[in-house]
Amino acid sequence: MEQTLVILKPSAIDRGLCGTIIARLEQKGLKIAGMKMMQLDEPILREHYAHLVDRPFFPSLVLSMSRTPVIVMCLEGRDAVSVVRAMTGATNCRQAAPGTIRGDLGMSGQENIIHASDSVENGKIEVARFFYPNEIFDYSTVTTKAIYATDEL
Ligand code: UDP
Ligand code: MG
């Protein structure tokens with residue numbers, strides 16, 4: 001099954017939104033394959049946001065992402081990357097559609113609650129960036145047969 005990386009950002013931790021967000025992801029039918037709290041620092045953020053290091057807002061993004069510890073999650077499911085990305089919504093919470101996590105829970109472009117991998121390839125790279133192999137669990141849930149048809153597994 002496909003895996004994707006989610007980060008519950010300091011804006012989610014600060015505002016006490018982690019339970020709400022995790023509940024939405026669980027209720028969708030995504031399986032939690034890994035989850036932990038960690039403190040991000042500039043080196044890992046320079047790697048994770050390599051596409052943004054030259055942008056003027058990068059220093060403020062580093063401060064924002066390291067203001068508190070974050071919760072990182074590896075979520076698993078059929079088409080998990082595109083499903084979670086759709087649930088996440090547009091980068092700027094003010095433009096994100098109602099019904100999405102950013103659209104329902106935020107007002108900011110930078111303090112936008114959640115990170116989600118944007119491609120299957122980046123999903124693999126990002127899970128490996130934030131988790132050791134023994135922190136990702138391969139297990140089956142009794143609900144799998146209710147979530148998927150046999151030919152979707
Ligand atoms: N960001 C920002 N200002 C911008 C664009 C992005 O502060 O003009 C921050 C924002 O927190 C965003 C993160 O940088 O989530 C990564 O940007 P990206 O374009 O990858 O957006 P995402 O994939 O998170 O929607
Ligand atoms: Mg991105």
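- Remark: Ile32 CD1 to Ile136 CD1 distance equals 11.5 Å, nearest 0.5 Å.
- The environment of OH in Tyr132 is sparse: at most 12 heavy-atom neighbours from other residues, nucleotides or ligands sit within 6.0 Å.
- Counting heavy atoms from C-beta on, the side chains of Asp118 and Val81 never come closer than 4.5 Å.
- Glu76 places no side-chain N or O within donor-acceptor distance of the main-chain N or O of Leu30, the cut-off being under 3.5 Å.
- Formation of a donor-acceptor pair under 3.5 Å by the Asn112 side chain with backbone atoms of Thr91 is found in this model.
- A continuous path of Ile, Leu, Val, Met, Phe, Trp and Tyr side chains, each step under 4.5 Å between heavy atoms, connects Phe57 with Val53, placing both in one hydrophobic cluster.
- Under the side chain to side chain contact (heavy atoms under 4.5 Å, CB included) criterion, Thr100 pairs with Ala96, Ala97, not counting sequence neighbours.
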Next on the checklist: Quick one, Ile71 with Ile7, criterion side-chain contact (heavy atoms from CB on, under 4.5 Å). Give me CA distance, side-chain angles, the key distance, then yes/no.
Outcome noted: CA-CA 6 Å; Ile71 291 173; Ile7 304 176; over 6 Å; no

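- Under 4.0 Å is where a charged nitrogen must lie from a carboxylate oxygen, and between Arg102 and Glu111 no such pair does.
- Interatomic distance, Lys9 NZ to Ser108 OG, rounded to the nearest 0.5 Å: 9.0 Å.
- Within the 4.5 Å cutoff, side-chain heavy atoms of Leu5 are placed close to those of Phe131.
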Next on the checklist: Between Val6 and Val84, is the side-chain contact (heavy atoms from CB on, under 4.5 Å) condition met? List the steps.
Outcome noted: CA-CA 8 Å; Val6 158; Val84 175; 3.6 Å; yes

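- In this structure, CZ in Phe130 is found 12.5 Å from SG in Cys74, a value given to the nearest 0.5 Å.
- When every heavy atom of Ile113 is checked against every heavy atom of Cys93, the shortest pair comes out as CG1-SG, 4.4 Å.
- Side chain of Ser64 to main chain of Ser60: no donor-acceptor pair is present (N/O by atom type, distance under 3.5 Å, no hydrogens or angles).
- The local environment of CG in Asn134 is crowded, with over 12 non-hydrogen atoms from other residues, nucleotides or ligands closer than 6.0 Å.
- Lys28 NZ: 12 or fewer foreign heavy atoms inside a 6.0 Å radius.
- The 12-atom threshold is not exceeded at CD of Glu121, counting heavy atoms of other residues, nucleotides or ligands nearer than 6.0 Å.
- Relative to the ring axis of Tyr139, Lys31 places its NZ or CZ within 45° and under 6.0 Å from the centre.
- Note on Val127: it clusters hydrophobically with Leu40, by side-chain heavy-atom contacts below 4.5 Å among ILVMFWY residues.
- Scored by the ring-ring contact (aromatic ring centres under 6.0 Å, His included) test, His115 finds His48 as partners (sequence neighbours excluded).
- The hydrophobic clustering, which links ILVMFWY residues whose side-chain heavy atoms are closer than 4.5 Å, places Met87 and Ile21 together.
- A donor-acceptor pair under 3.5 Å links the side-chain atoms of Arg85 to the main chain of Ala116, judged by distance alone.
- Annotation: side chain of Lys124 is not in contact with side chain of Gln3 (no heavy-atom distance under 4.5 Å).
- For the pair Met37 and Pro69, the tightest heavy-atom approach, listed with the atom from each and the gap, is CG-CB, 3.7 Å.
- Under a 3.5 Å cut-off, the side chain of Ser66 and the backbone N or O of Asp41 do not form any donor-acceptor pair.
- For Thr144, the side chain to side chain contact (heavy atoms under 4.5 Å, CB included) partners at least two apart in sequence or on another chain are Thr141, Tyr148, Leu153.
- Within the model, atoms CE of Met107 and OG of Ser11 stand 13.5 Å from one another, a figure rounded to the nearest 0.5 Å.
- The closest side-chain heavy-atom distance from Thr4 to Met73 is not below 4.5 Å.
- Remark: the backbone N or O of Glu2 is not paired with any side-chain donor or acceptor of Arg78 at under 3.5 angstrom.
- You'll find the side chain of Phe58 reaches within 4.5 Å of the side chain of Arg46, heavy atoms only.
- Among Ile22, Leu75, Leu8, Val72, the one residue that satisfies the side-chain contact (heavy atoms from CB on, under 4.5 Å) test with Met35 is Ile22.
- The structure places CZ of Arg24 at 9.0 Å from CD1 of Ile114, a figure rounded to the nearest 0.5 Å.
- Separating the CD atom in Glu152 from the CD1 atom in Ile147 is a distance of 11.0 Å, to the nearest 0.5 Å.
- Transitive grouping of hydrophobic side chains (ILVMFWY, heavy atoms separated by less than 4.5 Å) keeps Ile101 and Met65 in distinct clusters.
- Put simply, the side chain of Cys18 reaches to within 4.5 Å of the side chain of Ile13, judged on heavy atoms.
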